[in-house]
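Let me begin by presenting the structure, written as structure tokens, before commenting on it.
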There are 2 protein chains.
Amino acid sequence: MLTPERHQMILKLLQDRKTVKMKELVEATKASESTIRRDLSYLEEQKKLRRVHGGASIKSAASEEPSLQEKRTVQLAEKQAIAEYAASLVRDGDSIFLDAGSTTYEMIPLLAQKNVLVVTNGLSHLETLTSYDIETYVVGGRIKRKTRAVIGAHAVESLKHYRFDKCFLGINGVHPKEGFTTPDPEEAVVKNTALQLSGETFILADASKFHEITFAKVADIQDAVIISDAPEDLLPSFKELTEVKVVTS
Amino acid sequence: MLTPERHQMILKLLQDRKTVKMKELVEATKASESTIRRDLSYLEEQKKLRRVHGGASIKSAASEEPSLQEKRTVQLAEKQAIAEYAASLVRDGDSIFLDAGSTTYEMIPLLAQKNVLVVTNGLSHLETLTSYDIETYVVGGRIKRKTRAVIGAHAVESLKHYRFDKCFLGINGVHPKEGFTTPDPEEAVVKNTALQLSGETFILADASKFHEITFAKVADIQDAVIISDAPEDLLPSFKELTEVKVVTS
DNA sequence: CATTTTTCAATCAAAATCAATCAAAAACAA
DNA sequence: TTGTTTTTGATTGATTTTGATTGAAAAATG
């Protein structure tokens, strides 16, 4: 029996019941205890299951997607606070661009009561946006597998069909001189385009993003409002250049 | 046996089961172990399979995520058969358009071993396409909540960035005079655009779709090949107009 | 709480599988 | 044909996987 087969068998057994004992796995797979142990370690590493004394158990609450509520509570409080403030800026009837990323994702439930039109390049956002019955448009283009974002030349073209009252961007680095940065140049150009099509731009950046420079420049600082939970002593040089809104969780 | 033949045989064996052992491959192909090893290395390079110690396995997703398949419990054998034939038409290196819908969805696992570029307007397809590591582009535009398809004027514009070797469309009605029809005019125009941008067009229509006229016309019959499980007595009038491929489940 | 039992992680040697190499066979070109 | 290139299969030493063993750690028991 090949290794992936065995892994599959283990996961299958876990689907039926919610736990399996080592003894059962050894019996089912005809492999030795040592091998099963190695498999379990690997599968736990892959977050496919949870090891427990004597065997394995399915990962947390069922193998299903965590519900929206669950997902929200798992998220860091800082992202929540940033998202909450950002969402409070959105007014009824606004057209907004919502960048891909976990912080902008947190804004979605807070937008549900408002009468907004949302354009996004984040595939992960789509399910949630439509489930809240928000009028949603998706940007066309190539899908970047890792971040599940739409990027590339077509995405830029596609974006230009729209105009935004406000756009909310996540970024990977903020630096007084280098401006807003992100590692992927193709993502950078999409963000930059959204920014140019938008009346106001808001950058959602938790404290860890400051000082960091990650290759491709998105825009200069003075083009946007920064929303962050960064401590005050980090900010003087940024405040000289643009508006910075500090939120606390 | 010629090399491409052997490669095909290996891939075929992988389609049926999800893993194959080296020993099985040697036996099936009558080639030496060294040759099989070289084949596997090549096919892995081409991203058509995944090598594992002791043999090969199909690429990631399929075996590891039964949750996706479980979601689609209502997959009739007919849809499977239609999808299987449709997928067999796709050649290495093709650029194809995959329409939103459950039948085209069934094609995805069968495309994993081919080097294809897929453009789709079906949001439900995206997750699965990327999980199979297929190069995926999404059409931009408004999201129709009910069908999770991208539609509207922007979708049409967005589509025009591409050209397809083949396009695979789902349809709600087929009628000798009225042609291919679908209830939503905005969907109809997207399908029609895809068709016009494509070298060949294939219509995936199970038997229930024949005779039905559902409002908005997509195209005339003669523009496409119909792939269906419809009984022969239903087809004479269609066969006069275009090619009809009948599959059985 | 001490003892017994079970399960665990680490280690190691055997077995299986692999990559690299090379010469023979086959396909190809002149 | 002859010489060249490509493909193939056998061999070899290296690598990976495996199962047994051991003492440590964790649960169960009295």
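Below, all heavy atoms of this structure are taken into account, side chains as well, without hydrogens, waters or symmetry copies. Each chain gets a letter, A, B and so on, in the order the sequences are listed, and its residues count up from 1.
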Taking any heavy-atom pair under 4.0 Å as a contact, classify B/Val52: base, sugar-phosphate, or nothing.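 It contacts sugar-phosphate atoms only.
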
d([atom1], [X]; [atom2], [N]) in whole Å:
X: A/Lys21; N: C/dT7; atom1: NZ; atom2: P; result: 9 Å
X: A/Ile36; N: D/dT18; atom1: CD1; atom2: P; result: 10 Å
X: A/Leu25; N: D/dT18; atom1: CG; atom2: C1'; result: 17 Å
X: B/Arg38; N: D/dT11; atom1: CZ; atom2: C1'; result: 13 Å
X: B/Met22; N: D/dT17; atom1: CE; atom2: P; result: 14 Å
X: A/His7; N: D/dT18; atom1: NE2; atom2: P; result: 8 Å

Going by ring pair (Phe, Tyr, Trp, His ring centres under 6.0 Å), name the pairs with one or both residues in residues 12-34 of chain A, residues two or more places apart or in two chains. none

Ring pair (Phe, Tyr, Trp, His ring centres under 6.0 Å): pairs with one or both residues in residues 19-52 of chain B, sequence neighbours excluded: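 Passing the test, one end in residues 19-52 of chain B: B/His7-B/Tyr42.
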
Does [X] have any ring pair (Phe, Tyr, Trp, His ring centres under 6.0 Å) partners at least two apart in sequence or in another chain, and if so, which?
X: B/Phe168; result: B/Phe202
X: A/Tyr85; result: none
X: A/His175; result: none

Taking only the side-chain nitrogens and oxygens of A/Arg6, find out if one of them lies under 4.0 Å from OP1 or OP2 of D/dT18. yes

Under 4.0 Å protein heavy-atom contacts per nucleotide of nucleotides 23-30 of chain D, with B for base, S for backbone only and - for none: ---S----

Do B/Asp94 and B/Lys114 meet the salt-bridge criterion of a basic N to acidic O distance under 4.0 Å?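 A salt bridge is absent here (no side-chain N lies under 4.0 Å from a carboxylate O).
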
Please list all pairs passing the side-chain hydrogen bond (donor to acceptor under 3.5 Å, both in side chains) test where one or both residues lie in residues 22-31 of chain B, with sequence neighbours left out. B/Arg17-B/Glu24

The criterion is salt bridge (Lys or Arg N to Asp or Glu O under 4.0 Å); which residues satisfy it with B/Glu84, sequence neighbours excluded? none

Taking only residues two or more places apart in sequence or in another chain, which ones pass salt bridge (Lys or Arg N to Asp or Glu O under 4.0 Å) with A/Asp233?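 A/Asp233: no salt bridge (Lys or Arg N to Asp or Glu O under 4.0 Å) contacts found.
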
For DNA chain D, find the residues of residues 27-34 of chain B with a heavy-atom distance under 4.0 Å and give them by number; none if there aren't any.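 Under 4.0 Å from DNA chain D: B/Ala31, B/Ser32, B/Ser34.
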
Can you name the residues that form a side chain to side chain donor-acceptor pair (under 3.5 Å) with A/Asp184, not counting sequence neighbours? A/Lys144

Atom CD of B/Glu45 with >12 non-hydrogen neighbours under 6.0 angstrom: no

Assuming nearest nucleotide by heavy-atom distance, tell me which of B/Arg37 and A/Ser41 is located more 5' along DNA chain C.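 Nearest-nucleotide comparison on DNA chain C picks A/Ser41.
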
So if I take the C1' atoms of five pairs at each end of the helix from C/dC1-D/dG30 to C/dA30-D/dT1 and get each local axis, what angle do the two axes make, rounded to 10 degrees?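 The angle, to the nearest 10 degrees, is 40°.
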
